[in-house]
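A quick write-up on the structure given underneath.
Numbered from 1 within each chain, the chains take letters A, B, ... in sequence-line order.
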Amino acid sequence: MRKRLFMFVGLAVLLGGGQLFAQELTLEEIKFSFDMIWLIFAAALVFLMQAGFAMVETGLTRAKNAGNIIMKNLMDFSVGVLAYWAVGWALMYGSSSGGLIGTDQFFLAGADSVIYRDWMFQVVFAATAATIVSGAMAERTKFAGYLLYSLVISAAIYPISGHWIWAGGWLAEMGFHDFAGSTVVHSVGGWAAMVGAVLLGARRGKYVRVKGKVTVKAFPGHNIPLAALGVFILWFGWYGFNAGSTLSGTDPDIAWVATTTTLSAGAGAILAMFTSWIWFGKPDPSMSMNGALAGLVGITAGAWVIDPLGAIIVGAIAGALVVLSVEFLDKVLHIDDPVGAISVHGVCGAWGTLAVGIFGDLAKVGSGLTRAGQIGVQALGIGAVFAWVVVTTLVLFGSLKAVGALRVGDTEELRGLDISEHGVESYSGFQIFSNM
Amino acid sequence: MRKRLFMFVGLAVLLGGGQLFAQELTLEEIKFSFDMIWLIFAAALVFLMQAGFAMVETGLTRAKNAGNIIMKNLMDFSVGVLAYWAVGWALMYGSSSGGLIGTDQFFLAGADSVIYRDWMFQVVFAATAATIVSGAMAERTKFAGYLLYSLVISAAIYPISGHWIWAGGWLAEMGFHDFAGSTVVHSVGGWAAMVGAVLLGARRGKYVRVKGKVTVKAFPGHNIPLAALGVFILWFGWYGFNAGSTLSGTDPDIAWVATTTTLSAGAGAILAMFTSWIWFGKPDPSMSMNGALAGLVGITAGAWVIDPLGAIIVGAIAGALVVLSVEFLDKVLHIDDPVGAISVHGVCGAWGTLAVGIFGDLAKVGSGLTRAGQIGVQALGIGAVFAWVVVTTLVLFGSLKAVGALRVGDTEELRGLDISEHGVESYSGFQIFSNM
Amino acid sequence: MRKRLFMFVGLAVLLGGGQLFAQELTLEEIKFSFDMIWLIFAAALVFLMQAGFAMVETGLTRAKNAGNIIMKNLMDFSVGVLAYWAVGWALMYGSSSGGLIGTDQFFLAGADSVIYRDWMFQVVFAATAATIVSGAMAERTKFAGYLLYSLVISAAIYPISGHWIWAGGWLAEMGFHDFAGSTVVHSVGGWAAMVGAVLLGARRGKYVRVKGKVTVKAFPGHNIPLAALGVFILWFGWYGFNAGSTLSGTDPDIAWVATTTTLSAGAGAILAMFTSWIWFGKPDPSMSMNGALAGLVGITAGAWVIDPLGAIIVGAIAGALVVLSVEFLDKVLHIDDPVGAISVHGVCGAWGTLAVGIFGDLAKVGSGLTRAGQIGVQALGIGAVFAWVVVTTLVLFGSLKAVGALRVGDTEELRGLDISEHGVESYSGFQIFSNM
Amino acid sequence: MKLIVAYIQPHKLNDVKEELYKSDIFKMSATNSLGCGQQKGYHESYRGVDIEVNLLKKVRLEIAVNDQFVQLTIDAIIAGAQTGEIGDGKIFVMPLEDVIRIRSREKGEAAIG
Amino acid sequence: MKLIVAYIQPHKLNDVKEELYKSDIFKMSATNSLGCGQQKGYHESYRGVDIEVNLLKKVRLEIAVNDQFVQLTIDAIIAGAQTGEIGDGKIFVMPLEDVIRIRSREKGEAAIG
Amino acid sequence: MKLIVAYIQPHKLNDVKEELYKSDIFKMSATNSLGCGQQKGYHESYRGVDIEVNLLKKVRLEIAVNDQFVQLTIDAIIAGAQTGEIGDGKIFVMPLEDVIRIRSREKGEAAIG
Ligand SMILES: Nc1ncnc2c1ncn2[C@@H]1O[C@H](COP(=O)(O)OP(=O)(O)O)[C@@H](O)[C@H]1O
Ligand SMILES: Nc1ncnc2c1ncn2[C@@H]1O[C@H](COP(=O)(O)OP(=O)(O)O)[C@@H](O)[C@H]1O
Ligand SMILES: Nc1ncnc2c1ncn2[C@@H]1O[C@H](COP(=O)(O)OP(=O)(O)O)[C@@H](O)[C@H]1O
């Protein structure tokens with residue numbers, strides 16, 4: 001019978017002079033305990049990033065769609081954990097078939113405490129990839145379609161490319177290095193977001209064609225403080241995301257990883273701020289926030305192999321890049337990404353992956369490749385994952401579109417998804433100009 | 001003199017070749033250190049659940065009472081920690097008198113670092129039980145009365161039934177199993193919430209009797225994004241709540257507990273969503289959030305003895321149950337619970353406790369009972385705690401009501417408790433239809 | 001090549017019977033690992049306090065300046081980490097020149113994993129000191145000026161007085177004790193805030209002189225729930241701030257520190273509530289929140305040497321003190337501090353530092369001083385840091401003021417800094433009376 | 001036809017609506033408003049500082065009615081909103097020249113209801 | 001001069017503005033409003049309870065125009081807001097005695113545009 | 001009696017209130033409003049995209065006054081709100097047929113103040 005009499009046990013131990021443990025606790029168990037609490041702690045932090053994403057996406061879109069965004073973030077995680085439990089983990093970490101795909105451990109069959117620990121740490125990464133997409137597809141996607149998408153990315157799209165890189169698959173074999181997932185997690189989410197945004201089309205009124213010339217309009221986010229809170233929460237979670245990816249509670253490089261993560265994020269925020277200041281005349285809050293995230297995404301691949309100064313450079317470039325990318329997608333390509341997810345996660349994820357080749361300590365990377373070779377392999381990995389995600393999500397979102405399950409109708413969009421998809425309002429009682 | 005010269009110490013150690021520690025650190029100290037950092041870490045996470053409750057309750061009620069809800073959440077914790085320090089801990093974990101009540105260690109007398117550690121981990125559980133109630137009694141309770149209630153539940157009601165189960169009391173002796181507190185914490189809060197809500201009566205205008213027929217009205221929550229943030233924070237805190245309840249940083253089952261917790265929550269959210277979808281025609285955000293919480297509450301008792309598949313089933317049932325229960329309390333019993341606290345914590349807490357008997361691995365439970373026997377003991381425990389809480393809170397809230405300290409007047413309620421009880425507004429400057 | 005094949009390694013270990021680790025993991029590495037994960041975990045929690053400050057400050061000011069406050073909080077951290085990496089750490093923890101200033105390790109030159117760990121833990125403290133100021137200077141400071149200020153405080157002002165106390169400098173030598181930074185962090189921020197607020201002058205319309213008599217007006221905060229969330233997040237972060245300041249994951253006093261921190265915060269909230277209740281007739285939410293923070297700041301210096309009962313007294317006095325101090329600054333001195341930062345961090349920081357002398361266990365303090373002597377040294381330290389910060393920030397803010405970089409123009413202030421400094425609105429679509 | 005504008009206490013809106021319903025007046029529009037009147041009102045305080053609440057929250061009702069309904073409407077509003085205390089509000093009656101129903105382009109008295 | 005007050009569906013505001021622009025009417029003021037009308041409307045539900053949404057969100061437009069513009073304005077509003085469904089809204093026309101431009105103290109017809 | 005409606009810049013509300021107080025006009029009601037006028041105004045930008053802020057924030061004042069107060073009121077508003085820049089706002093004067101004080105059922109001129 002399990003009682004919560006832990007204190008007595010504790011006391012007994014103290015009195016018993018340690019003999020108890022000398023018998024009980026071996027060095028391997030100590031090592032195991034470090035890894036356990038470190039990874040579960042880190043997993044909890046990465047879990048909280050769901051809240052971060054939810055707040056960022058809610059804050060940067062309009063009030064009339066807030067409840068819908070929230071629902072998407074809640075349900076992509078909920079659907080995702082079941083999918084990753086049933087199928088995703090097996091495809092990612094099951095015994096490899098030719099370095100392409102995992103083939104066993106469906107429903108976590110045969111799992112022991114090590115597998116549960118690793119599953120717990122991995123599932124929150126899978127959910128991160130999935131949730132990135134909701135931001136780019138915000139304010140116009142059908143809820144049911146989104147649920148289906150969540151299922152597929154968590155069960156198959158993310159795990160398979162993840163297998164190539166993190167489970168000893170073909171890219172790993174070639175020496176591709178992605179420490180905590182600039183490509184595995186962020187680019188996968190970012191490219192899926194891009195395909196989704198393109199197939200959906202822009203929000204009504206975003207790009208207005210007047211006499212052959214397209215005018216770009218802004219739909220300002222309705223709650224900047226909430227978005228900022230989300231950014232801080234994401235940054236916090238990133239200490240689990242990156243430092244946890246040492247995968248070991250005894251790795252002395254935990255501190256190194258935390259340091260490079262911090263510096264890159266700071267540099268990203270600063271550079272994005274200055275870029276927006278120079279470009280638009282004022283330091284833009286939401287761009288600066290995107291910059292911090294860009295710095296975080298950028299250093300994710302190389303947090304362990306890039307040194308602090310390198311991290312600052314990587315972050316700074318990511319910070320500038322994210323502003324340029326947002327501008328380019330919006331003003332030139334007219335791809336409507338309400339929160340900048342494609343730029344933050346797709347583009348800066350790719351940049352960070354490449355940066356491993358450019359700035360990484362090759363000895364630590366340990367692939368045996370030359371610098372040029374490493375850069376080449378990194379580029380190959382970026383390209384392979386891009387291709388994989390674009391093709392699969394084209395099929396996925398394309399099918400949804402074909403059966404009319406992708407985009408809500410015009411009136412639904414104008415009224416807001418909260419009312420049309422969920423029959424509720426998110427800010428009941430507040431006077432809001434919901435038509436804007 | 002204590003200086004913050006830790007780095008030099010660290011360096012010395014590295015240079016000193018470990019000799020220093022070989023002398024210093026015994027295996028028992030290692031075990032102790034694991035438990036210490038794990039439990040304090042977990043306690044911090046459980047503490048943050050206070051923020052989660054505050055946000056959920058604020059978000060799901062009306063803007064004109066937001067500051068009042070906040071105050072209740074802040075003060076029930078503040079009052080609760082002092083009460084649990086002075087009296088609560090002693091009644092719960094002091095030397096047992098007949099398995100009914102603890103009798104010493106008032107004011108933590110004689111505490112050592114083990115006791116401080118355990119107090120720290122326990123006090124946040126006590127505060128969780130206390131804070132559950134504020135949601136169900138929201139928007140109409142007198143602030144002073146609520147303060148008194150906080151004192152009593154943290155000092156006596158919660159600790160005494162807690163003693164029966166977690167401190168080797170009579171229920172523990174019988175083989176009752178409640179791993180992290182579906183009954184000890186959540187049901188206690190839920191049943192107290194029920195008694196409070198019944199004695200208070202419904203919010204003005206909630207149930208309108210027209211020609212003998214009662215029409216139920218909805219008072220939509222004023223800030224769904226904030227409520228959602230609260231749910232994510234609660235979920236995050238639950239990793240401390242459940243995984244921390246291994247009470248040991250070296251328990252390999254930490255990962256198991258985290259896994260079952262995650263899966264149950266996901267299943268709960270999904271089932272609540274579908275239930276609301278089928279029933280009301282649209283997937284309801286606040287019900288889906290309640291579903292995630294229901295899944296978490298449901299698995300809390302059995303997180304350690306139920307396997308992942310079982311956890312999904314427990315969570316799924318909790319998710320459906322919470323919707324039915326909310327409907328039943330509202331539409332049939334006309335008990336006005338603005339945030340669904342009775343259903344989430346009381347009803348799903350009971351369900352989760354029962355589920356231990358149904359799905360639990362009896363070997364792990366270790367009570368030596370048969371399955372039927374275990375189910376019986378679980379049911380007995382549910383009933384005993386229900387009776388204890390209902391009787392004591394009837395006395396408590398009944399007395400407050402008798403002296404007129406329970407419910408604010410009609411005008412106060414209409415104006416909102418922020419103005420009438422605290423003389424402030426929570427959203428100064430915003431135009432809000434506060435009359436609705 | 002680093003693969004994420006951690007689970008196989010784990011399995012190998014389990015099968016390998018521990019031999020692997022017996023060879024690998026020495027006791028010193030175990031100690032090191034405890035310290036590493038504890039400090040990095042604590043650092044992450046302290047990082048999250050940035051979110052807490054951002055929310056408190058945003059919530060307690062007006063909607064038209066919300067984005068600006070957010071930007072200040074994001075950028076003071078971002079600028080601060082780079083500054084503390086390049087210069088701050090060196091001045092604080094570099095080899096001491098006469099106990100006055102550190103002189104090497106610029107740009108973290110020569111850092112190993114111990115230094116990275118310690119830097120990570122220290123940088124979040126530096127950022128805390130920096131960010132305190134933004135609240136007191138809210139709603140009227142020029143953004144560019146604030147950026148410059150952030151740079152200077154993180155690079156020089158904070159590190160130098162920090163060196164005196166935490167790096168074996170002259171105050172440390174004298175036996176001054178400040179466990180986690182009531183003076184080192186909070187008072188530094190608080191006094192800088194005071195100088196900033198005085199040099200800036202009050203917000204337009206705050207103190208209206210009618211016929212020689214000054215009428216004090218209130219500008220109510222626009223989002224009390226967000227402010228409350230911030231307070232809970234800060235409290236959560238404080239477990240990293242204080243308990244982490246044991247600087248060791250094997251210190252049995254971790255629990256003691258967490259306990260005193262909890263009790264002091266609770267007592268602070270309660271006393272501030274009652275003080276405001278008695279004084280203003282109603283229990284004021286924002287004052288009660290300030291009270292919790294006051295209790296936390298107050299116990300920060302003595303969390304390790306003051307016992308639980310002492311902690312309650314320290315917190316209670318801080319809670320009352322913060323209300324009196326806010327009143328005194330506002331109604332008598334007419335210093336306009338929108339969020340109470342000077343009172344919470346400056347005044348209660350000083351109180352907490354003094355309380356070490358009054359209530360601290362002298363044996364644990366270990367300075368060898370008598371009680372009177374300890375009180376004297378604590379007072380001396382408070383005075384020295386006060387003088388240092390006041391002089392340096394007078395120069396800093398004075399110069400900014402002289403070149404017109406300190407305060408925005410009247411129209412900018414009336415319109416709100418979101419529009420005038422950043423060209424955006426924070427609550428787009430909401431109807432807000434922004435003129436109030 | 002007249003346009004009746006009434007400022008009432010926010011928490012009286014439901015009562016006023018009910019009274020109007022009883023008089024078969026179902027159409028109206030409501031807006032939030034801040035009012036300055038005789039009611040110097042309750043004092044709010046924030047962090048111990050009195051807030052000069054000289055702009056109090058009111059609900060502004062706008063009701064277009066045919067002439068024979070004017071008195072009925074006024075009576076209903078008074079029935080619902082009157083407490084006898086300062087701050088109960090005011091009713092303004094203004095001439096209304098024309099009403100058009102957007103849906104049907106109906107005009108005048110037919111369009112009002 | 002007339003003051004035209006129109007209640008329209010919120011999501012029709014942009015269309016109405018465009019139609020008004022086409023008729024060279026550039027000046028107007030808009031407010032949020034809650035309307036009670038024939039439209040018993042769509043039902044919202046919250047946690048399974050139907051919300052009696054008898055106060056629906058509307059936008060209230062106020063446009064001061066010279067007499068010769070009245071019909072034009074009405075037509076433009078109808079063009080932009082009419083869907084033929086209940087809830088399209090109402091237009092009220094009221095007499096306007098004077099207009100003053102604060103900036104220049106101009107009065108009357110000259111000040112309106 | 002007249003109903004005076006004025007659109008002013010939000011940050012001029014306090015100045016206008018003070019000027020009105022000086023002229024012994026203490027009663028008024030204020031609402032938020034979005035205005036479309038000559039002021040094409042400052043440009044906001046969000047994430048680098050110019051926001052076509054053609055609906056600018058204004059405060060709408062409504063003041064019911066007896067005839068002899070009309071000019072005084074107008075002057076006070078102008079005194080408080082005028083800067084000479086585009087966007088200062090407009091004042092509309094409308095006929096007011098009756099006023100009723102809800103509290104006392106007083107009518108007409110007696111009820112206005
Ligand atoms: N002359 C007026 N012009 C515009 N609004 C007015 C006027 N007089 C009163 N009001 C509105 O009516 C509300 C109630 O007025 P008040 O004088 O407080 O009530 P009472 O007449 O019952 O004393 C005010 O807050 C204001 O919104
Ligand atoms: N008599 C009235 N007085 C004031 N507002 C009205 C009146 N009639 C309609 N309205 C406003 O116009 C809106 C649309 O009216 P409604 O009757 O639903 O439209 P329709 O005439 O197309 O059926 C209402 O929601 C309300 O805001
Ligand atoms: N004809 C009108 N009808 C309704 N509102 C108007 C009209 N003209 C101006 N307004 C209101 O007055 C505000 C100020 O008008 P604007 O033309 O910008 O000022 P100015 O006359 O000083 O140039 C507008 O934003 C709008 O709210």
Counting heavy-atom pairs under 4.5 Å to chain C, which of A:Gly240, A:Ala228, A:Ala269, A:Pro285 comes out on top?
-> A:Pro285
Which bit of C:Ile69 comes within less than 4.5 Å of chain A, counting heavy atoms only: side chain, backbone, both or neither?
-> neither
Side chain, backbone, both or neither: which part of A:Phe41 has an atom under 4.5 Å from a heavy atom of chain C?
-> side chain
What orientation do A:Phe179 and A:Trp304 show, parallel under 30°, tilted 30 to 60°, or perpendicular over 60°?
-> parallel
Among A:Tyr239, A:Phe430, A:Trp256, A:Trp235, which residue forms the greatest number of heavy-atom pairs with chain C at distances under 4.5 Å?
-> A:Trp235
Non-hydrogen atoms of chain A under 4.5 Å away: do they reach the side chain of C:Phe77, the backbone, both or neither?
-> side chain
Region of A:Trp238 that comes under 4.5 Å of a non-hydrogen atom in chain C = neither
Donor-acceptor pair between A:Trp89 and A:Gln122 side chains, under 3.5 angstrom = no
Taking C:Asp418 for the side chain and C:Glu425 for the main chain, is one N or O donor matched with an acceptor at less than 3.5 Å?
-> no
If you measure only the distance, is there a donor-acceptor pair under 3.5 Å linking the side chains of C:Glu29 and A:Thr250?
-> no
Let me know if A:Leu229 has heavy atoms under 4.5 Å from chain C in its side chain, its backbone, both or neither.
-> both
Residue part contacting chain A, namely of C:Ala44, when any heavy atom lies under 4.5 Å | both
Where on C:Phe107 is there a heavy atom nearer than 4.5 Å to chain A: the side chain, the backbone, both, or neither?
-> neither
Can you say whether C:Leu226 sits under 4.5 Å from chain A via the side chain, the backbone, both, or neither, judging by heavy atoms?
-> side chain
Which atoms of A:Leu45 come close to chain C, meaning under 4.5 Å heavy atom to heavy atom: side chain ones, backbone ones, both, or neither?
-> side chain
Any side chain to side chain donor-acceptor pair (under 3.5 Å) involving residues 219-228 of chain A? Give me the pairs, sequence neighbours left out, ordered by first then second residue.
-> A:His222-A:Tyr427, A:Asn223-A:Tyr427
Please state whether the rings of A:Trp277 and C:Phe143 are parallel, tilted or perpendicular, taking 30° and 60° as the class boundaries.
-> tilted
Could you tell me whether A:Phe236 and A:Phe232 have their ring centroids closer than 6.0 angstrom?
-> no
Residue from A:Ala243, A:Ala292, A:Ser286, A:Gly221 scoring the most non-hydrogen pairs under 4.5 Å with chain C is A:Gly221
Chain C shares the most heavy-atom pairs under 4.5 Å, among A:Gly266, A:Gly291, A:Ala258, A:Pro283, with A:Pro283
Check each atom of C:Ala144 against the heavy atoms of chain A and say whether the ones under 4.5 Å are side chain, backbone, both or neither.
-> both
Among A:Gly162, A:Ala63, A:Pro308, which has the most heavy-atom pairs under 4.5 Å with chain C?
-> A:Pro308
Interface check, chain A: of C:Leu48, C:Ile70, C:Val81, most non-hydrogen pairs under 4.5 Å belong to C:Leu48
Check whether A:Trp38 gets within reach of chain C through its side chain, its backbone, both or neither, counting any heavy atom under 4.5 Å.
-> side chain
With distance as the sole test, does A:Ser264 use its side chain to make a donor-acceptor pair with the main-chain N or O of A:Gly295 at under 3.5 Å?
-> yes
C:Asp76-C:Thr131 side chain donor-acceptor pair, cut-off 3.5 Å | yes
Please examine the side chains of C:Trp119 and A:Thr259, heavy atoms only from C-beta on, and report whether any two atoms are closer than 4.5 Å.
-> yes
In terms of heavy-atom proximity below 4.5 Å to chain A, should C:Ile40 be classed as side chain, backbone, both, or neither?
-> side chain
Residue pair A:Ser367 / A:Val377, side-chain heavy-atom distance below 4.5 Å = no
